[in-house]
Amino acid sequence: MRVRVFSGVQPSGNLHIGNYLGALKNWAAIQRNYESIFCIVDLHAITVYQNPAELKQKIRETAALFLACGIDPEHSSVIVQSQVPEHAELAWMLTCVTPIGWLERMTQFKAKSAAQETIGDGLLQYPVLMAADILLYQAGIVPVGDDQSQHLELARDIAQRFNSLYGETFVVPETKLPTVGARIMGLDEPDKKMSKSATGANHAVGLLDPIDTARKKIMRATTDSHPAVTWESMGPGVANLIAIYRAFGEVDEPTARQEFEGLRYGDLKKKVAEMVIAKMEPIQARFRELTSDSGYLDGVLQQSFERISPIAKQTVEMVKGRMGLYTK
Ligand code: ATP
Ligand code: MG
């Protein structure tokens with residue numbers, strides 16, 4: 001059996017360059033070496049309130065962006081989580097083997113729940129659903145950004161605990177992080193990771209931002225009190241801009257150092273903006289093409305669903321059998 005790759009993005013807002021560099025760019029790069037499944041994880045998005053009309057639209061927009069960023073639907077499956085009932089079904093079975101203390105330790109739960117007046121149970125259960133997403137397809141490799149490493153570790157723990165309680169059932173997945181760009185920071189607050197759900201106007205460059213807006217956001221990025229790049233004592237804002245440049249352009253560290261050492265911040269930002277814009281423009285052009293034909297996108301989603309649905313059904317049947325639940 002070919003090794004499977006699984007990964008997802010929440011349709012919880014505007015996809016940004018952090019999502020691209022941490023996840024989508026690598027999905028596109030490795031998709032042909034594996035059997036790949038990429039998922040719009042809408043059930044994850046509703047762990048914090050989403051406006052229903054906007055969510056509906058963001059699901060389609062996210063699917064189109066996957067394709068615009070280079071996911072090849074002839075080769076990879078692009079699916080919507082809520083279309084496949086087995087994600088939620090398996091999540092319940094895994095919930096029952098997951099100690100609550102494992103979930104309360106998660107840093108994303110602590111960070112996201114701190115921002116809520118009432119904390120929905122879904123926010124705590126989030127990593128169990130994520131484990132179910134991955135284990136449902138017996139994925140061997142999960143390409144994600146660094147912020148998801150802890151959840152991946154938990155998915156491995158859940159798989160191992162299930163396997164030891166009920167016998168070998170799940171493939172224990174490996175995490176695959178990009179070497180550069182695994183954690184892109186907010187442009188306005190370089191001590192926080194760039195996030196779709198953050199609210200600052202200059203926080204993130206959206207993949208679909210108008211080009212002028214993208215340039216302005218980069219030109220306004222927080223740097224530090226030095227006037228120019230000093231490699232040995234670089235603040236987090238400057239390091240972030242250089243990481244963005246290196247990840248987009250696949251530039252190694254010595255080359256970047258040669259290019260940027262001693263450069264004034266205004267000039268650094270101009271170079272970073274030009275690099276980002278050069279990579280964003282073709283993505284936006286493909287996105288416009290794809291969304292001008294809504295039938296095409298529906299076709300891709302349906303074909304993908306038909307391809308993966310038997311895998312999901314087979315896993316849930318096996319899990320039910322292992323646990324002694326009712327099967328025919
Ligand atoms: P939200 O704020 O709604 O959680 P998000 O920006 O964190 O949105 P997710 O949908 O949670 O995006 O994550 C999708 C993928 O993008 C994951 O693989 C995640 O690790 C990656 N990712 C998210 N933010 C970054 C970032 N700042 N740098 C690199 N990768 C990131
Ligand atoms: Mg996130």
Side-chain angles (χ1 to χ4, degrees), residues 4-10 12 22-23 37 39 41-50 81-82 84-177 182-183 193 195 197 311-327:
R4 280 202 192 108
V5 160
F6 179 93
S7 198
V9 170
Q10 300 181 70
S12 50
I37 305 171
C39 190
V41 287
D42 53 352
L43 297 174
H44 281 277
I46 58 168
T47 53
V48 293
Y49 177 80
Q50 305 290 329
Q81 188 184 29
S82 64
V84 189
E86 289 81 9
H87 285 256
E89 199 177 357
L90 181 59
W92 174 252
M93 297 164 194
L94 298 182
T95 294
C96 297
V97 303
T98 306
I100 206 166
W102 290 7
L103 301 175
E104 286 166 339
R105 276 207 298 275
M106 295 292 111
T107 51
Q108 178 175 294
F109 169 67
K110 290 185 207 160
K112 287 202 173 180
S113 58
Q116 304 295 318
E117 260 177 48
T118 47
I119 304 162
D121 185 27
L123 216 45
L124 183 68
Q125 301 302 325
Y126 182 111
V128 184
L129 178 58
M130 179 164 157
D133 298 338
I134 298 162
L135 304 185
L136 186 60
Y137 301 104
Q138 305 285 7
I141 294 176
V142 186
V144 285
D146 176 60
D147 63 301
Q148 292 303 323
S149 298
Q150 196 187 32
H151 288 163
L152 252 300
E153 211 37 62
L154 187 88
R156 293 167 55 81
D157 289 344
I158 293 174
Q160 275 157 349
R161 189 175 167 95
F162 191 100
N163 287 350
S164 72
L165 283 170
Y166 295 107
E168 279 305 308
T169 306
F170 293 119
V171 171
V172 179
E174 300 287 335
T175 310
K176 189 170 169 60
L177 300 181
R183 192 177 189 84
K193 86 156 192 85
S195 288
S197 53
I311 309 170
K313 284 191 166 35
Q314 191 189 6
T315 305
V316 165
E317 274 308 290
M318 174 167 68
V319 173
K320 281 180 162 177
R322 294 281 151 85
M323 295 183 100
L325 296 166
Y326 180 72
T327 52

Looking at residues at least two apart in the chain, or sitting in another chain, which of them share a ring pair (Phe, Tyr, Trp, His ring centres under 6.0 Å) with [X]?
| X | value |
| --- | --- |
| Tyr126 | His44, His151 |
| Phe109 | none |
| Phe6 | Tyr137 |

For Thr169, which residues count as a side-chain contact (heavy atoms from CB on, under 4.5 Å) partner, sequence neighbours excluded?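 For Thr169, the residues satisfying side-chain contact (heavy atoms from CB on, under 4.5 Å) (neighbours in sequence not counted) are Phe162, Asn163, Met318, Val319, Arg322.
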Partners of Pro85 by side-chain contact (heavy atoms from CB on, under 4.5 Å), sequence neighbours excluded?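 Checked Pro85 against side-chain contact (heavy atoms from CB on, under 4.5 Å); zero matches.
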Taking the side chain as every heavy atom from C-beta outward, state whether [X] and [Y] have any atom pair closer than 4.5 Å.
| X | Y | value |
| --- | --- | --- |
| Leu124 | Ile119 | no |
| Val5 | Val142 | no |
| Ile311 | Arg4 | yes |
| Leu154 | Met106 | yes |

Among Ile37, Val171, Leu152, find the residue that satisfies the side-chain contact (heavy atoms from CB on, under 4.5 Å) test when tested with Ile134.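 Among the candidates, only Leu152 passes.
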If you take all heavy atoms of [X] and [Y], which pair is closest and at what distance?
| X | Y | result |
| --- | --- | --- |
| Cys39 | His87 | SG-CE1, 4.4 Å |
| Ala312 | Val84 | CB-CG1, 3.9 Å |
| Gly122 | Thr47 | O-CG2, 3.4 Å |
| Leu135 | Thr315 | O-CG2, 3.9 Å |
| Leu103 | Pro127 | CD2-CG, 4.1 Å |

Pair Gln150, Thr107: side-chain N/O donor-acceptor within cut-off below 3.5 Å: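 Yes - a donor-acceptor pair under 3.5 Å links their side chains.
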Is there a donor-acceptor contact under 3.5 Å linking the side chains of Gln81 and Asp133?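 Checked: Gln81/Asp133 side chains pair up, N/O donor to acceptor below 3.5 Å.
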Glu86 side chain to Leu136 main-chain N or O, any donor-acceptor pair under 3.5 Å?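 Here the side-chain-to-backbone pair does not exist.
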Asp42 side-chain N/O to Ser82 backbone N/O, donor-acceptor pair under 3.5 Å: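 Yes: the side chain of Asp42 pairs with the backbone of Ser82.
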State which residues pass side-chain hydrogen bond (donor to acceptor under 3.5 Å, both in side chains) with [X]; sequence neighbours excluded, sorted by chain then number.
| X | answer |
| --- | --- |
| Ser12 | Lys196 |
| Ser113 | none |
| Gln160 | none |
| Ser7 | Trp27 |

Would you list the pairs meeting salt bridge (Lys or Arg N to Asp or Glu O under 4.0 Å) in which at least one residue belongs to residues 100-117, sequence neighbours left out?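 Every pair satisfying salt bridge (Lys or Arg N to Asp or Glu O under 4.0 Å) with a residue in residues 100-117: there are none.
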What side-chain donor-acceptor pairs closer than 3.5 Å can you find for residues 88-96, not counting sequence neighbours?
unit_1	atom_1	unit_2	atom_2	d
Thr95	OG1	Ala91	O	2.7

Around atom CD of Gln314, are there more than 12 heavy atoms of other residues, nucleotides or ligands at under 6.0 Å?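 Open: at most 12 neighbouring heavy atoms sit under 6.0 Å from CD of Gln314.
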Point-to-point distance, once rounded to the nearest 0.5 Å, from CD1 of Ile46 to CG of Leu123: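 Spacing of CD1 (Ile46) from CG (Leu123) equals 12.0 Å.
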Partners passing salt bridge (charged side-chain N to carboxylate O under 4.0 Å, His left out) against Glu153 (at least two apart in sequence or in another chain):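 Result, salt bridge (charged side-chain N to carboxylate O under 4.0 Å, His left out) vs Glu153: Arg156.
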